[in-house]
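Along the sequence shown, residues carry numbers from 1.
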Amino acid sequence: MIKNILKGAVIGIANIIPGVSGGTMAVAMGIYDVLIRSLTHLFKEFKKSVMTLIPILIGAAIGIVGLSFLIEKMFGWIPMQTNLLFIGLILGGLPAMTVKVKGEKIRPGHIAAFLLFFVIVVGCAALGAAEEGAEGTAIAETNIIATGSVLDIIKLFGVGMVASATMVVPGVSGSMMLMLMGYYYPLIETVNHFIRSLIAFDMEGIWAGICVLCPAGLGVVFGIFLIAKLIEIIFEKFPLYAYWAIIGLIVASPFAIILMGRFGDITVIHVLTSVVTFALGFMIAQKLGEDAKE
């Protein structure tokens with residue numbers, strides 16, 4: 001259970017960092033297949049699915065609410081080392097995925113699936129980097145606090161659904177999609193303001209947060225179940241194509257992080273310490289992903 005909580009924490013942190021995919025981290029941690037099955041068989045295998053999902057969700061909540069502040073500071077203090085840590089975490093899960101296609105004949109369709117999803121991830125990252133550079137400040141100042149109108153609720157529900165769907169797909173960053181839609185910074189600030197309001201017992205601030213987070217949260221839940229079922233069908237019908245597509249997503253993810261990330265000053269010390277954090281991330285992914293090789 002402790003191991004699954006740690007895996008969930010890594011996935012939770014990944015989902016709030018532009019360019020890093022929670023789905024990719026689930027693959028790296030060796031729990032992607034189990035996670036998808038638990039979501040799509042929640043009612044058929046309720047007890048088993050709940051026992052699987054609870055520790056992962058607890059860990060994800062810890063990662064998003066608690067450790068996100070630490071990770072945010074790390075990106076400010078040691079950006080290159082932190083980015084390389086996540087690149088190591090992602091690439092550390094690649095061997096567990098290549099085992100799935102080992103010994104199988106490589107067909108042109110497999111190569112096409114690899115290249116297609118590689119291009120999608122890198123292309124979205126390049127677009128996100130350009131968007132952030134051109135409009136980052138403006139987006140950060142956007143006010144999305146809901147007024148309670150039907151249009152606001154539908155809009156936030158749709159944003160949550162799109163973001164959650166991309167969170168489940170390996171290699172596609174949900175936070176990056178939020179950034180492209182102009183909702184990343186406002187939602188992060190809303191979450192932070194909501195937490196501060198809870199601590200201060202500020203009812204006005206709590207209600208404002210609920211008006212935004214509830215419809216977005218419902219969209220997240222709906223989107224996760226919808227895309228999880230679709231992914232399960234793809235894995236059942238076209239497993240090798242799905243695995244090659246995910247390998248393409250994983251290989252592309254470090255490029256996405258490089259395009260989306262800030263690395264600060266590049267010095268010999270920074271490079272050497274980044275090699276250490278990369279190795280650390282790689283070993284953590286290998287250790288937490290041992291289940292995927294069994």
Minimum side-chain heavy-atom gap [X]-[Y] below 4.5 Å:
X    : Y    : result
I247 : V101 : yes
F114 : I106 : no
H193 : T190 : no
L85  : F278 : no

What pair of heavy atoms forms the shortest contact from [X] to [Y], and how long is it?
X    : Y    : value
K100 : L240 : O-CD2, 4.2 Å
P254 : I250 : CD-O, 3.0 Å
I36  : A228 : CG2-O, 3.6 Å
F263 : I257 : CE1-O, 4.1 Å
L91  : F282 : O-CE1, 3.4 Å
F194 : G205 : CD1-O, 4.5 Å

Walk me through whether T277 and I78 qualify under side chain to side chain contact (heavy atoms under 4.5 Å, CB included). CA-CA 11 Å; T277 57; I78 47 172; 5.8 Å; no
Nearest 0.5 Å please: distance from the [atom1] atom of [X] over to the [atom2] atom of [Y].
X    : Y    : atom1 : atom2 : value
T40  : I224 : OG1   : CD1   : 13.0 Å
F118 : F255 : CZ    : CZ    : 4.5 Å
I11  : L6   : CD1   : CG    : 11.0 Å
I2   : K7   : CD1   : NZ    : 13.0 Å

Are there more than 12 heavy atoms of other residues, nucleotides or ligands under 6.0 Å from atom [atom1] of [X]?
X    : atom1 : answer
E236 : CD    : yes
R196 : CZ    : yes
I266 : CD1   : no

I'd like to know if the side chain of S49 reaches the main chain of F46, judged simply by a donor and an acceptor atom lying under 3.5 Å from each other, with no hydrogens or angles considered. no
Look at the side chain of S274 and the backbone N and O of L84, then say whether any donor-acceptor pair between them is shorter than 3.5 Å. no
Decide side chain to side chain contact (heavy atoms under 4.5 Å, CB included) for L35 and I56; before the verdict, give the C-alpha distance in whole Å, the side-chain angles of both, and the deciding distance to 0.1 Å. CA-CA 9 Å; L35 194 57; I56 296 172; 3.9 Å; yes
Mind checking whether V99 and M283 sit in one hydrophobic cluster, side chains of I, L, V, M, F, W, Y counted as touching below 4.5 Å? no
Same cluster or not: I195 versus I206, using hydrophobic residues (I, L, V, M, F, W, Y) connected whenever any side-chain heavy atoms lie under 4.5 Å apart? yes
Could you label the plane-to-plane angle of the H110 and W244 rings as parallel, tilted or perpendicular, counting under 30° as parallel and over 60° as perpendicular? parallel
For the residue pair Y241 and F238, categorise the inter-ring angle as parallel (less than 30°), tilted (30 to 60°) or perpendicular (more than 60°). perpendicular
For the pair T52 and H41, evaluate side chain to side chain contact (heavy atoms under 4.5 Å, CB included) and give the outcome as yes or no after the intermediate values. CA-CA 11 Å; T52 300; H41 291 74; over 6 Å; no
Please collect all salt bridge (Lys or Arg N to Asp or Glu O under 4.0 Å) contacts where either partner lies in residues 241-252, sequence neighbours excluded, each pair once. none
For a side chain to side chain contact (heavy atoms under 4.5 Å, CB included) check, start with the C-alpha distance between I258 and I87, then their side-chain angles and the critical distance, and finish with the verdict. CA-CA 9 Å; I258 291 170; I87 290 175; 4.3 Å; yes
